[in-house]
2 protein chains.
Amino acid sequence: MRFKVPEVTIARLSLYLRCLSDLEEEGIEVISSAELGKRCGINPAQIRKDLAYFGEFGTRGVGYYVKDLKEDIKRIIGLDKEWEVALVGVGNLGRALLSYQGFKRHGFKITAAFDKVVDEERKSVMPPDCTLYHADEMEEVIRKKRLKIAIIAVHYSEAQKVADRLVKAGIKGILNFAPVRLKVPKNVTVRHIDLGIELEVLTFFVAAKR
Amino acid sequence: MRFKVPEVTIARLSLYLRCLSDLEEEGIEVISSAELGKRCGINPAQIRKDLAYFGEFGTRGVGYYVKDLKEDIKRIIGLDKEWEVALVGVGNLGRALLSYQGFKRHGFKITAAFDKVVDEERKSVMPPDCTLYHADEMEEVIRKKRLKIAIIAVHYSEAQKVADRLVKAGIKGILNFAPVRLKVPKNVTVRHIDLGIELEVLTFFVAAKR
DNA sequence: AGTTGTGAACCGATTCACAGCG
DNA sequence: CGCTGTGAATCGGTTCACAACT
């Protein structure tokens, strides 16, 4: 890609990808940006601009070939191979993530989980391809397995420390569920999922409507 | 408030709130926007602008009184009272949310959970103040309890139907974990948490760095 | 004719820079 | 003097509108 691509563009590509999968299942082979836009609630010009960051994928006068565009977007995002992911923190949230079936569909697999406690209960919730390690082994396992993406699901008081260790071990992308803004080098990407903030935003708009 | 407030502003207020709580615990009584900005990684002018939507809270030449500002922001967001929340879907994710302790700290309490299946296993994971109802009772319970905020944690194929029912029952704010963009009337606020998209954004930026 | 790809216009949010005030 | 509050400048992303192309 020639220029800096905004994160929202990638988020939308991911959205288009899902929509294209649906279209494929419905047996639709060609789609215009106008129609795709209607389906996923995005302005058609926006769709064309998003794709333009990466090349030309459409046929003028026709539209986009669903199957081709789907493959192209997969390749752009980097979903043409499976990604192994590390999970740090096997509490309630961690367990929910471990049993979340959606990951596989997207080509992600949690292959290593870390916790300060390694007991039978936790071991029993591990899916087939995932091993539970003690937190002390984090750097070693991540290096050995060459993992690049990690999910932080620990208490917020630990999150920054965990992030520092992950980065040192070679992790380049972090999905953080702890309610703290992690500080990481710029060559590492972080996405924050903060339930508190989400709920408070809702609260404000609900409370305002009166 | 005089004008339309962007959602990001509220998200940041929520962030400031946390930071102010920390400051309070540390015994710091006054803080400048510059210092607060450094702490939570936000430009100081941004902080002042965000607050300016709602009034004047600082003292020129001094800064902001931590305790006062904290209370003011709480009041602005609508956190001066406790919010009862409905949860739809008691699968893995739903259970994780039920046991998530962070809600209380923010003044949220899940008081009603709904699922198509009402069994002993599910009942056993209910926290003290929360009752499990059959999905059929959704509208009735929400109306009776006057709930305004709901969390959707059902399969994506059900999510839009659930949303429609919630809106009809009087819900004004929805936190949606299902990977579909919900269509709701404009007087209803939706926040989407989409793990697939988050991971794919990470993937892109990680894959790009090579 | 129909739809893409894209420069130009637009819009909203962020940052700057300073006047205003304690 | 120092820091807030804010108008003006800037930036980045979205939408428009049309030329280019099939």
Side-chain angles (χ1 to χ4, degrees), chain A residues 1-16 19-20 23 28-66 68-70 72-73 76 181 186 197 201 204-205, chain B residues 1-16 19-20 23 28-66 68-70 72-73 76 181 186 197 201 204-205:
Chain A
M1 96 227 57
R2 270 160 293 195
F3 297 100
K4 197 173 68 66
V5 183
E7 291 195 13
V8 275
T9 287
I10 307 300
R12 279 191 303 260
L13 286 182
S14 171
L15 195 66
Y16 307 154
C19 200
L20 291 165
L23 286 165
I28 296 169
E29 295 186 354
V30 181
I31 191 152
S32 67
S33 60
E35 193 54 40
L36 184 58
K38 209 176 290 169
R39 285 229 177 196
C40 52
I42 304 281
N43 178 304
Q46 181 77 77
I47 297 178
R48 301 198 297 273
K49 268 271 155 77
D50 285 338
L51 293 171
Y53 279 106
F54 304 99
E56 306 198 352
F57 303 97
T59 309
R60 293 170 197 230
V62 179
Y64 301 88
Y65 290 96
V66 172
D68 293 352
L69 186 58
K70 189 183 150 194
D72 286 330
I73 293 181
I76 291 167
R181 287 203 108 52
K186 341 187 221 345
I197 288 182
V201 171
F204 171 79
F205 286 100
Chain B
M1 97 225 60
R2 271 161 291 195
F3 298 100
K4 196 171 70 64
V5 183
E7 291 194 15
V8 276
T9 286
I10 307 301
R12 280 191 302 260
L13 286 182
S14 171
L15 195 65
Y16 307 154
C19 200
L20 290 165
L23 287 165
I28 295 169
E29 295 185 353
V30 181
I31 191 152
S32 67
S33 59
E35 193 54 40
L36 184 59
K38 210 175 290 169
R39 285 229 178 196
C40 51
I42 305 282
N43 178 304
Q46 181 77 77
I47 297 179
R48 300 199 297 272
K49 267 271 154 77
D50 285 338
L51 293 170
Y53 280 107
F54 304 99
E56 306 198 353
F57 302 97
T59 309
R60 291 168 197 231
V62 179
Y64 301 89
Y65 291 95
V66 172
D68 293 353
L69 186 57
K70 189 183 149 191
D72 286 330
I73 293 181
I76 291 167
R181 288 205 108 51
K186 321 187 238 348
I197 289 182
V201 170
F204 171 78
F205 286 99

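Naming convention: chains lettered A, B, ... in sequence-line order (proteins, then strands); numbering from 1 in each chain. Just so it is clear, the model here is predicted, and its values are computed rather than measured.
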With side-chain contact (heavy atoms from CB on, under 4.5 Å) as the test, pick out the partner of A:Ser33 among A:Gln46, A:Lys38, A:Arg48. A:Arg48
If only side-chain N and O atoms count, and only distance matters, is there a donor-acceptor pair under 3.5 Å linking A:Asp72 with A:Tyr64? no
Which heavy atom of [X] sits nearest a heavy atom of [Y], and at what distance?
X        : Y       : value
A:Cys19  : A:Leu36 : SG-CD1, 3.7 Å
A:Phe54  : A:Phe57 : O-CZ, 3.6 Å
A:Ile28  : A:Val66 : O-CG2, 3.4 Å
A:Asp50  : A:Arg12 : OD2-NE, 2.7 Å
A:Phe204 : B:Ile76 : CD1-O, 3.3 Å
B:Ile197 : A:Ser14 : CG1-OG, 3.3 Å

Collect all protein-nucleotide pairs involving nucleotides 11-13 of chain D in which both atoms are nitrogen or oxygen and the distance is under 3.5 Å.
none

Could you give the [atom1]-to-[atom2] distance, from [X] to [N], as a whole number of Å?
X       : N      : atom1 : atom2 : result
B:Asp68 : D:dT4  : CG    : P     : 15 Å
A:Glu56 : D:dA19 : CD    : P     : 18 Å
A:Asp50 : D:dT14 : CG    : C1'   : 10 Å
A:Ile47 : D:dT15 : CD1   : P     : 11 Å
A:Phe57 : C:dT4  : CZ    : C1'   : 13 Å
B:Ile10 : C:dG12 : CD1   : C1'   : 16 Å

Heavy-atom neighbours of B:Glu29 CD exceed 12 at 6.0 Å: no
Got more than 12 heavy atoms from elsewhere within 6.0 Å of OH, A:Tyr65? no
From A:Leu23 atom CG to A:Ile31 atom CD1, the distance as rounded to the nearest 0.5 Å: 4.0 Å
Quiz question: going by heavy-atom distance under 3.5 Å, is there a donor-acceptor pair between the base of D:dT6 and the side chain of B:Lys49? no
N/O to N/O distances under 3.5 Å, protein versus nucleotides 18-22 of chain C:
| from | atom 1 | to | atom 2 | distance (Å) |
| --- | --- | --- | --- | --- |
| C:dG20 | N3 | B:Arg60 | NH1 | 3.1 |

If you compare every side-chain N and O of B:Tyr64 against the phosphate oxygens of D:dG5 (OP1, OP2), does one of them come in below 4.0 Å? yes
Is there a residue in residues 31-43 of chain B whose heavy atoms reach under 4.0 Å of DNA chain D, and which residues are they? B:Ser32, B:Ser33
